[in-house]
Amino acid sequence: MVTQKGKNVRVVGIEGNFDDAQTGVKQIFTDPKLRLEMAAANMQFSSANSINIGRLVPQIVYYFWAYSRLVKDDVIRDGEEINFSVPTGNFGDILAGYYAKHMGLPIKHLICASNINNVLTDFFRSGYYDRNREFFVTQSPSMDILISSNLERLLYHITGDDPEKTSEYMERLRVRGSYEITEEMRAKLSDFIAGFADEGQTAREMRALFNDGNYLIDPHTAVASAVWEYYRERENDWTRTVVLSTASPFKFAGTVLAAFGHDPDRPDRELEEELSSFSGLPLPAAVTSVLDAEVLHNTVCGKDRASMEAEVRKFLNL
């Protein structure tokens, strides 16, 4: 990200985690005073992540496409139910699957796979959402999230599309850091199965898929695969299941190599080349183009909303 060349692009790091970043961005987006200032300057905010419902729309297509390939290849018959296991952090990709199911796609279960930041697993098992817990930095960083933004959209649906009730739950989360849904709402979560994989299980799954099938995966995919394997054995559910793979293993070369006992504490280029040699896979062009790219952005700000807004204002000359 810090090598982006676009003249209309500025990259700003924050001294915090994903939850800190997303919370600050949401506060900035919803500030009515700033929104008016932006409008007066003929500008408005948008988001490329799943805060924006536009991110979910094309993801819905993935589920239909995967299903159609299974039918085309005679793996399943048309109309047969299947499961999807989804590595989940911000709850966007799996929510797209929820929408696909309610559009008519024959999905039996959506398996919500988390790492040890397993706030979603606890929620689906108990109906109690509690972000007041230790935050772990893991080998699957895109899932290191304790405030899953898109769960608010699911809450809206299971409240009977009631915006006021949804707002009440989100206010409790903001003030107390937790909320508990009703039994009636819990009954509407039957589309989902939830589980999590710890760091050891994640590494073992990366090794197992490569050693058994010569298939190299990244740690997020490993979480989804490990959770599915555990669920299948526990529940004896042998329904055909698609495991969503959401990133290239070369994006996490050090982590993947560490799972196989290699030293990850080396320069990125060395790690990338070793993973390519070890796996027999060519380095993706997207990786090679970045390895020698010049760092053009080095701005870092605090995780508080005021610091983040100041950087936005500076960039937009507001």
Might you work through the salt bridge (charged side-chain N to carboxylate O under 4.0 Å, His left out) test for Lys101 and Asp191, ending with a clear yes or no? CA-CA 9 Å; Lys101 176 170 183 175; Asp191 294 327; 2.9 Å; yes
To the nearest 0.5 Å, how far apart are CG in Leu56 and OG in Ser50? 6.0 Å
Calculate, to the nearest 0.5 Å, the distance between atoms CG and CE belonging to Asp162 and Met185 respectively.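 Between Asp162 CG and Met185 CE, I get 9.5 Å after rounding to 0.5 Å.
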Contacts satisfying salt bridge (charged side-chain N to carboxylate O under 4.0 Å, His left out) that involve residues 276-296 (not counting sequence neighbours) are Arg269-Asp292
Within residues 234-247 or reaching into it, pairs that qualify as salt bridge (charged side-chain N to carboxylate O under 4.0 Å, His left out) - sequence neighbours excluded: Lys108-Asp237
Within a reach of under 6.0 Å around [atom1] of [X], are more than 12 heavy atoms found that belong to other residues, nucleotides or ligands?
X	atom1	answer
Lys303	NZ	no
Tyr99	OH	yes
Glu233	CD	yes
Phe45	CZ	yes
Lys188	NZ	yes

Non-hydrogen side-chain atoms of Val256 and Pro219 separated by less than 4.5 Å: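 Yes, close enough: below the 4.5 Å cut-off.
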Below 4.5 Å, heavy atoms only, C-beta onward: do Arg305 and Asp31 meet side chain to side chain? yes
Describe, in one word, how the ring planes of Phe84 and Tyr63 are oriented to each other, choosing from parallel (under 30°), tilted (30 to 60°) and perpendicular (over 60°).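 Perpendicular: the ring planes of Phe84 and Tyr63 meet at over 60°.
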Arg172: side-chain hydrogen bond (donor to acceptor under 3.5 Å, both in side chains) partners, not counting sequence neighbours: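 With neighbours one apart ignored, the set is empty.
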In chain order, what residues pass the side-chain hydrogen bond (donor to acceptor under 3.5 Å, both in side chains) check against Gln27, with sequence neighbours excluded?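 Gln27: no side-chain hydrogen bond (donor to acceptor under 3.5 Å, both in side chains) contacts found.
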Could you work out, with salt bridge (Lys or Arg N to Asp or Glu O under 4.0 Å) as the rule, every residue matching Arg133, not counting sequence neighbours?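 Partners of Arg133 by the salt bridge (Lys or Arg N to Asp or Glu O under 4.0 Å) criterion, ordered by chain and then number, come out as Asp122.
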Sequence neighbours excluded and cut-off under 3.5 Å, please list the side-chain donor-acceptor pairs for residues 202-209, or say none.
{"residue": "Thr202", "atom": "OG1", "partner": "Asp198", "partner atom": "O", "Å": "2.9"}
{"residue": "Glu205", "atom": "OE2", "partner": "Ser225", "partner atom": "OG", "Å": "2.6"}
{"residue": "Arg207", "atom": "NH1", "partner": "Ala259", "partner atom": "O", "Å": "2.8"}

Output, in order, the C-alpha distance, side-chain angles, deciding distance and verdict of side-chain hydrogen bond (donor to acceptor under 3.5 Å, both in side chains) for Asn117 and Glu134. CA-CA 8 Å; Asn117 290 296; Glu134 185 176 358; over 6 Å; no
Could you walk me through whether Arg186 and Glu183 satisfy the salt bridge (charged side-chain N to carboxylate O under 4.0 Å, His left out) test, starting with their C-alpha distance in whole Å, then the side-chain angles of each, then the deciding distance to 0.1 Å, before giving a yes or no? CA-CA 5 Å; Arg186 286 189 66 188; Glu183 287 299 317; 3.6 Å; yes
Answer yes or no: is there an ion pair linking Glu171 with Arg176, defined by an N-O contact shorter than 4.0 Å? no
Salt-bridge test for Glu80 and Arg77: reply yes if a basic N is under 4.0 Å from a carboxylate O, no otherwise.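 Counted as a salt bridge, because a side-chain N and a carboxylate O are separated by less than 4.0 Å.
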